[in-house]
Each structure stands twice: as structure tokens, then as C-alpha cells.
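All values reported here derive from a predicted model rather than from experimental measurement.
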Amino acid sequence: MPDSKLIDVFLMPGDYFIGDERYRVRTLLGSCVSVTLWHPSRRIGAMSHFLLPGTGHRKSHDKPGMYGDDAMRLLLDGLARHDVAPGQCQAKIFGGGAMFPRNPKARDIGLQNGDFAREMLHKNGIHVVSESLFGEGHRQLIFTIRSGDVLSRQVPPEPKAARTRENA
């Protein structure tokens with residue numbers, strides 16, 4: 001199937017997606033984290049975009065994947081409906097970037113999100129094959145379920161002098 005025939009899906013914060021090789025999933029991350037799960041032989045994949053570590057105890061009905069624990073449950077439940085066992089999947093983790101200068105005295109939300117994703121995958125026995133976490137700025141992601149490839153581009157914040165000049 002040529003790339004032009006792929007169905008593009010864009011995830012907003014709190015969204016998640018489970019689909020087959022017909023789909024390519026995109027998102028834009030700041031301090032949020034995305035986890036991709038991919039079954040190599042079945043070519044079924046899942047992707048989350050969560051904002052916060054922990055669980056929301058189902059408080060957010062319009063964004064059920066807002067919290068990392070809830071997003072992971074949704075991904076695993078969705079894969080189970082396709083008879084995909086979590087242990088057969090390859091995981092990749094992205095995001096957790098600092099959108100503002102980091103405070104050395106406090107762990108910001110990006111660091112908490114990245115560490116939480118690692119813990120969730122370990123707890124569920126899912127092998128992490130790669131990760132691109134932390135650093136400064138935002139990331140653009142494109143997950144092609146057909147191949148399992150995830151293209152990640154990290155964009156650093158603009159230097160302060162450039163922002164000041166544009167605003168003058």
C-alpha cells in the first residue's frame with residue numbers, strides 16, 4: 001500500500017488510537033508523553049498522548065487518556081479486542097520535554113510523565129525498543145503502523161533574543 005493511501009489520524013492531548021496497517025498516527029508533544037505499542041507480525045499498533053502521570057479515576061469523560069495509567073489501560077484493552085497480548089508488542093516512548101527552563105529543585109511534569117511511562121511498560125511486561133524523552137522543546141511524531149516506524153523530530157524553543165525581536 002503506498003503511503004498516499006494511508007489514513008492519517010491526529011491525536012490531541014488525552015486521545016489514544018488503536019488500528020491496523022492502514023493508519024498513520026500523528027501528534028505534537030510538549031511535556032506530554034506518547035507511548036506506541038506495535039505487534040510486528042500482526043501490524044497492529046496503538047498510540048497514546050497523555051498529559052499527566054497517575055490516574056484520573058475516570059473523572060475526564062471527554063479525554064479518557066488524559067492520565068498515563070488510564071491511557072495505558074485503554075491501549076491494552078483495545079489491543080486485547082484484537083487478540084494482541086501486551087508481551088508480544090514492542091514499545092516506544094516519546095516526549096516529556098521541558099517547555100520552560102527546568103528548575104533543579106523540582107521535578108517538572110515532563111520528567112514525571114517520562115518516568116511514569118517507563119514504569120507502566122515495565123509493570124505490564126512490555127519490551128521498550130527505543131525512547132526519545134526529555135530535553136527542551138516540543139516533538140512532532142508520526143507513527144506508521146504498517147512498519148512500526150516512529151519519526152520523531154524535536155524542535156528546541158526559540159532563543160529569547162529571537163522572540164524579543166519578533167515582538168518589537
Side-chain angles (χ1 to χ4, degrees), residues 9-19 23-39 44-145 148-157:
V9 175
F10 188 84
L11 297 185
M12 297 296 291
D15 287 347
Y16 68 100
F17 181 81
I18 296 111
Y23 294 93
R24 180 173 45 207
V25 190
R26 300 170 186 261
T27 198
L28 183 65
L29 301 170
S31 61
C32 298
V33 165
S34 278
V35 171
T36 63
L37 300 175
W38 184 65
H39 191 287
I44 293 175
M47 184 172 175
S48 64
H49 180 154
F50 69 87
L51 290 78
L52 299 166
T55 182
H57 301 289
R58 301 175 195 254
K59 290 179 187 172
S60 179
H61 298 288
D62 61 331
K63 294 292 182 186
M66 180 177 282
Y67 289 85
D69 200 41
D70 300 335
M72 180 59 73
R73 180 185 44 77
L74 292 164
L75 294 184
L76 296 178
D77 289 351
L79 290 171
R81 285 192 287 279
H82 291 275
D83 295 321
V84 173
Q88 298 173 340
C89 291
Q90 297 175 354
K92 296 179 181 177
I93 313 169
F94 303 90
M99 303 310 293
F100 304 100
R102 285 209 150 103
N103 178 348
K105 296 179 181 174
R107 287 180 36 81
D108 64 46
I109 197 68
L111 292 172
Q112 293 177 50
N113 281 336
D115 289 344
F116 190 81
R118 289 174 172 157
E119 290 171 24
M120 283 188 312
L121 292 164
H122 178 74
K123 182 175 123 188
N124 286 287
I126 302 171
H127 180 63
V128 177
V129 295
S130 71
E131 63 178 41
S132 174
L133 288 169
F134 312 129
E136 293 184 348
H138 68 274
R139 285 177 174 81
Q140 299 169 337
L141 299 183
I142 303 172
F143 174 30
T144 304
I145 295 177
D149 292 338
V150 181
L151 300 176
S152 173
R153 185 173 83 117
Q154 188 165 9
V155 180

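Contact record, I145 with F17: CD1-CE2, 4.1 Å, taken as the closest heavy-atom pair. Across L51 and G14, no two heavy atoms sit closer than the pair CD1-N, 3.3 Å. Here the closest non-hydrogen pair linking S31 and I109 is OG-CG2, 3.5 Å.
Side chain of K92 to backbone of S132: no donor-acceptor contact under 3.5 angstrom is found. Side-chain N or O atoms of R139 include one that pairs as donor or acceptor with a backbone N or O of G95 at under 3.5 Å. Using modelled atom types, one side-chain atom of D108 and one backbone atom of G110 make a donor-acceptor pair closer than 3.5 Å. Side-chain N or O atoms of D15 include none that pairs as donor or acceptor with a backbone N or O of G65 at under 3.5 Å. The backbone N or O of A91 sits nowhere less than 3.5 Å from a side-chain atom of W38 that would complete a donor-acceptor pair. A donor-acceptor pair under 3.5 Å links the side-chain atoms of Q154 to the main chain of E136, judged by distance alone. Proximity of a side-chain donor or acceptor of S48 to a complementary backbone N or O of S34 within less than 3.5 Å is not detected.
Using a 4.5 Å heavy-atom threshold, the side chains of D149 and I142 count as separate. For the pair Y16/L11, no side-chain contact is recorded, criterion being any heavy-atom separation below 4.5 Å from C-beta on. A heavy-atom distance below 4.5 Å is not found between the side chains of M47 and I18. Using a 4.5 Å heavy-atom threshold, the side chains of T36 and I93 count as separate. Between L74 and P64, some side-chain heavy-atom pair lies under the 4.5 Å cut-off. The side-chain heavy atoms of H138 and M99, taken from C-beta on, include a pair separated by under 4.5 Å. Within the 4.5 Å cutoff, the side chain of V33 has no heavy atoms near those of the F94 side chain. By the 4.5 Å heavy-atom criterion applied to side chains, L121 and M72 are counted as neighbours.
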Worked check of side-chain contact (heavy atoms from CB on, under 4.5 Å) between I126 and V128: CA-CA 6 Å; I126 302 171; V128 177; 6.0 Å; no
Stepwise side-chain contact (heavy atoms from CB on, under 4.5 Å) test for L151 and L141: CA-CA 6 Å; L151 300 176; L141 299 183; over 6 Å; no
Criterion side-chain contact (heavy atoms from CB on, under 4.5 Å) on F116 and L111, from CA distance to verdict: CA-CA 8 Å; F116 190 81; L111 292 172; over 6 Å; no
ring-ring contact (aromatic ring centres under 6.0 Å, His included) between F50 and Y67, intermediate numbers included: CA-CA 5 Å; F50 69 87; Y67 289 85; 9.2 Å; no
Criterion side-chain hydrogen bond (donor to acceptor under 3.5 Å, both in side chains) on R107 and Q112, from CA distance to verdict: CA-CA 7 Å; R107 287 180 36 81; Q112 293 177 50; 6.0 Å; no
Pair D70-K63, side-chain contact (heavy atoms from CB on, under 4.5 Å): steps then yes or no: CA-CA 10 Å; D70 300 335; K63 294 292 182 186; over 6 Å; no
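The CD1 atom of I44 lies 12.0 Å from the CZ atom of R81; values are rounded to the nearest 0.5 Å. Taking OG1 of T55 as the reference point, atom CE of M66 lies at 12.0 Å (rounded to 0.5 Å). For the atom pair CG (L37) and CD (Q88), the distance works out to 12.5 Å, reported to the nearest 0.5 Å.
Other residues, nucleotides and ligands contribute only 12 or fewer heavy atoms inside 6.0 Å of the NE2 atom of H122.
One side chain, H49 or T27, offers a donor N or O that lies under 3.5 Å from an acceptor on the other.
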